[in-house]
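All chains are named by letter (A, B, ...) in the order of the sequence lines, taking the proteins before the strands, and each is independently numbered beginning at 1.
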Amino acid sequence: MNYDAVTELALSRGFYFPSCEIYADAQAGFWEYGPLGVALKNRYVELWRRELVRRDGMLEIDGSQIMSRSVFVASGHLESFNDPVVRCTKCSSVHRADRLVGEVLNTIVPERMADGELGALILKHGIRCPKCGGELGSVSRFNMMFKVSVGADGSDAYLRPETCQSIFVDFARLFKIMRCKLPVAIAQVGKSFRNEIAPRQSLMRLREFYQAEIEVFCNPRRLDAIDRFDEVRDVMLRVQDGDTLHEVSAEQAIRKGIVPNRLVAYYLALLSEFYSKTGIDMSRSRFRRLAEDEKAFYATVAYDFEVHTSLGWVELVACNYRSDHDLKGHMLLSKENMEVMDVEDGNSKVLPHVFELSMGIERSIYCILEHSLQEDRENDRLVLRLRPYLAPVQVGILPIVKKDDVEAKALEVFRMLRKEFDVFYDDSGSIGRRYRRLDEIGTPYAITIDRQTLEDGTVTIRERDSMNQVRVRIESLRDELAGRLRPP
RNA sequence: GCGGGAUUGGUCUAGUGGUCAGGAUGUUGGCUUCCCAAGCCAACGGCGCGGGUUCGAAUCCCGCAUCCCGCACCA
């Protein structure tokens, strides 16, 4: 389906909707999860834990969202998490100063060139507005971090612009107390905050959003020494490099040099296996290798996991090789030693490098919804074909008619199941109407209580996708449902 | 932030100055109904915010906000 259909479903059924919408001063880029959205998100995160955190033996932390100024001095965000811009004094359009200068002078402008220097170059070469030819103003910066003041004296701190900084500042302690050996991965789910200039497309570009991040700390001399690689050597990867889409196994990707080392290939494979279980159509996905000018300021090699939707290609996960950018920065500023021993490398001291998988949860949720929502013309219904283990409401409980004895029995079944499963009891409207309502929110199973139930203690389980029904005994319902709702 | 379009019950929408803002869908209650959006009765619920023009504004003007598209940026 498309963006409009997903948005309409989200608004009308409570997956997500704009924040503070009853007030006129509500700001763009903030959205709330409604009841169904929370449940879907929680199940998504649980699958992420299962397929990545537990599978790989990662450590998970939950850091604070407000972090001290020094963190972002060390990480480079205060310096680099912004773009130099110039505004035209005539038409007031805004341009990237570094790109403009680079284009006109036909050179590459160093990323960290000072604003004054850029301004001087603009003056010296008489660069004017490319749109209207007007005179350009002075170079300024827009930092994307939200500044907050803490305590009575109001000292500066910032809302973290990416969750991973918590992991980096905690690294030395965690490595010691958790008896870590390289390579080790530390994971975190939490909120990040970016003061986007133009938030857009509901869940796709938010100012406050969830990330699930994984930071893999590794010895840069041993990037091919991953014994776990054997588990994924046959996993197929779709890697886009320039104009070429390679569809290869993880093993072939290494042999053909499409992915630089086994460590990167291993984690791309884990990610690929994870996403194939979310219900996203993997034939509409790719790992796109980023060109030099597309990468974040801290990355040396970067792949974006992208999914094609009605909005075009959407970036769900940034996979960045951050080298020792962060640990080195924090080590220099904090004086905390971040070097660790690598016993596998002759007991040498090493400052670990980092490969990260930085996942946008809202974007993932959106893609799952768009790829799962289908119009079933034959049966005149809208069906959200979520994988059963991701569905917000897992089971509908429906008395076939509203009659005392049938209702009583249905309520009995409902009470029996409600603590173990997310069940929804519905006795209003015709049975077909109730099935349709459940289909639209992705409920995989509906249990119907009818007259036969009163006679022989069996109920029907109706499957959302096939609309088929089977009869099972009430006593076996619990096991039956648990089996059907278990992740693969 | 710039340019363009839009904003009417939960959702989709009709309505371009003048009767109680109409419909569809939905929701709630009732009747009917034993397997896939049936029917009947009743009820609920709306003009994004602020200012202006006018005897009178959902409708015209201005400002703001939000949403959508393009540019730019990004998980």
In whole Å, what separates the [atom1] atom of [N] from that of [M]?
N	M	atom1	answer
B:G1	B:G45	C1'	38 Å
B:U25	B:U16	P	24 Å
B:C69	B:U28	C1'	39 Å
B:U7	B:C60	P	10 Å
B:A24	B:U8	C1'	14 Å
B:U11	B:C47	P	12 Å
B:G22	B:A43	P	14 Å
B:C74	B:C12	C1'	32 Å

Rounded to whole angstrom units, what separation is found between the [atom1] atom of [X] and the [atom2] atom of [N]?
X	N	atom1	atom2	value
A:Ile22	B:G46	CD1	P	14 Å
A:Leu316	B:C74	CG	P	17 Å
A:Arg205	B:C73	CZ	C1'	6 Å
A:Arg288	B:C74	CZ	P	12 Å
A:Phe17	B:C67	CZ	C1'	16 Å
A:Arg13	B:U25	CZ	P	16 Å
A:Asp4	B:A6	CG	P	16 Å
A:Leu398	B:C36	CG	C1'	11 Å

Between [options], which nucleotide has the shortest distance from any of its atoms to the side chain of [X]?
X	options	result
A:Asp450	B:C34, B:C49, B:A75	B:C34
A:Asp380	B:A38, B:A37, B:G30	B:A37
A:Leu206	B:U33, B:C69, B:A75	B:A75
A:Met467	B:C36, B:A37, B:A75	B:C36
A:Gln211	B:C34, B:A75, B:A72	B:A75
A:Glu196	B:C34, B:A75, B:C68	B:A75
A:Ser12	B:C69, B:A75, B:U11	B:U11
A:Leu382	B:C74, B:U33, B:A37	B:A37
A:Glu8	B:C71, B:A37, B:U11	B:U11
A:Arg363	B:A75, B:C69, B:C35	B:A75

I'd like to know if [X] pairs up with [Y] as an ion pair, taking the criterion as any Lys NZ or Arg NE/NH1/NH2 lying under 4.0 Å from an Asp or Glu carboxylate oxygen.
X	Y	answer
A:Arg43	A:Asp422	yes
A:Arg381	A:Glu375	no
A:Arg451	A:Asp456	no
A:Arg13	A:Glu440	yes

Go ahead and name the base partner of [N]; Watson-Crick or wobble counts if both distances stay under 3.5 Å, otherwise write none.
N	answer
B:C35	none
B:U54	none
B:G46	none
B:G1	B:C71
B:U25	B:G10

Would A:Phe209 count as stacking on B:A75 if stacking means ring centres less than 5.5 angstrom apart and planes tilted under 30 degrees? yes

Looking at [N], I'd like to know if its phosphate oxygens (OP1 or OP2) sit under 4.0 Å from a side-chain N or O belonging to [X].
X	N	answer
A:Ser430	B:A38	yes
A:Arg437	B:U27	yes
A:Arg433	B:G26	yes
A:Lys402	B:G30	yes

Within the structure shown, what part of the strands sits under 4.0 Å from [X] by heavy-atom distance: base, sugar-phosphate, or nothing?
X	result
A:Ser428	sugar-phosphate
A:Arg434	nothing
A:Arg462	base
A:Tyr23	nothing
A:Glu21	nothing
A:Gln27	sugar-phosphate
A:Leu311	sugar-phosphate
A:Thr7	nothing

On the ring face of A:Trp313, is A:Arg286 found with NZ or CZ under 6.0 Å from the centre and within 45° of the axis? yes

Less than 6.0 angstrom from the centroid, inside 45 degrees of the normal: does A:Arg462 satisfy that with respect to the ring of A:Tyr435? yes

[N] base to [X] side chain: any donor-acceptor pair below 3.5 Å?
X	N	result
A:Tyr435	B:C35	yes
A:Gln469	B:C35	yes
A:Arg194	B:A75	yes
A:Asn379	B:C36	no

Can you confirm whether [X] sits close enough to [Y] that some side-chain heavy atom of one is under 4.5 Å from a side-chain heavy atom of the other?
X	Y	value
A:Ile61	A:Ile186	yes
A:Asn320	A:Tyr303	no
A:Met144	A:Pro161	no
A:Leu268	A:Val235	no

Given RNA chain B, 5'-ward residue of the pair A:Arg436 and A:Trp31, judged by closest heavy atom: A:Arg436

Closest-nucleotide mapping onto RNA chain B: is A:Leu454 or A:Ala318 further toward the 5' terminus? I mean the 5' end. A:Leu454

